[in-house]
Visitor: 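Following this message is one structure expressed as structure tokens.
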Amino acid sequence: MPHWGLPALPFIARDLVTQRDALTTVWRWYLAPVVPGMVLFLLAVLRASAQHMPFWAALLAITGVALPVVGIFWGIHRLNRIGARRLQAMIDALDRGEV
């Protein structure tokens with residue numbers, strides 16, 4: 001008796017591998033391109049703010065803005081890593097024939 005889903009399994013496995021690889025490298029293609037612009041923006045705001053207040057106060061304010069941004073980037077990275085691990089578990093299940 002033929003197994004109707006068998007020809008689709010290699011396609012599904014390849015698709016899952018592609019998705020896993022994209023999630024694993026999200027830092028490189030999604031987050032990293034924003035970093036130079038964000039750093040330049042924060043430096044420009046620091047420079048402009050330092051003209052109107054003490055440098056330490058401007059630096060403290062910029063740090064207060066930068067820390068949540070770093071936290072958000074880290075959260076995006078971690079969530080995508082978790083997703084990649086889940087996809088890898090699905091890939092492993094397909095390789096073992098557990099459909």
Visitor: Where do Thr25 and Asp21 come nearest, in terms of heavy atoms and distance?
Guide: OG1-O, 2.9 Å

Visitor: Check Ala58 against Ala50 and note the closest heavy-atom contact, atom names and distance.
Guide: CB-N, 3.8 Å

Visitor: Does Val17 belong to the same Ile/Leu/Val/Met/Phe/Trp/Tyr cluster as Phe11, with side-chain heavy atoms less than 4.5 Å apart forming each link?
Guide: yes

Visitor: Search all heavy atoms of Arg28 against all heavy atoms of Pro33 and return the closest pair with its distance.
Guide: O-CD, 3.6 Å

Visitor: Within the structure provided, determine whether Thr24 and Arg81 are in side-chain contact (heavy-atom separation under 4.5 Å).
Guide: yes

Visitor: Under 3.5 Å, side-chain donor or acceptor atoms of residues 84-94 against the rest of the protein: list the pairs with distances, not counting sequence neighbours.
Guide:
residue: Gln88; atom: OE1; partner: Arg20; partner atom: NH1; Å: 2.4
residue: Gln88; atom: NE2; partner: Asp92; partner atom: OD1; Å: 2.8

Visitor: Which heavy atom in Ala32 sits nearest to a heavy atom in Pro36, and how many Å separate them?
Guide: O-CD, 3.2 Å

Visitor: Who else is in the cluster with Leu59 when I, L, V, M, F, W and Y are joined by side-chain contacts under 4.5 Å?
Guide: Val26, Trp27, Trp29, Tyr30, Leu31, Val34, Val35, Met38, Val39, Phe41, Leu42, Leu43, Val45, Leu46, Phe55, Ile62, Val65, Val69, Ile72, Phe73, Ile76

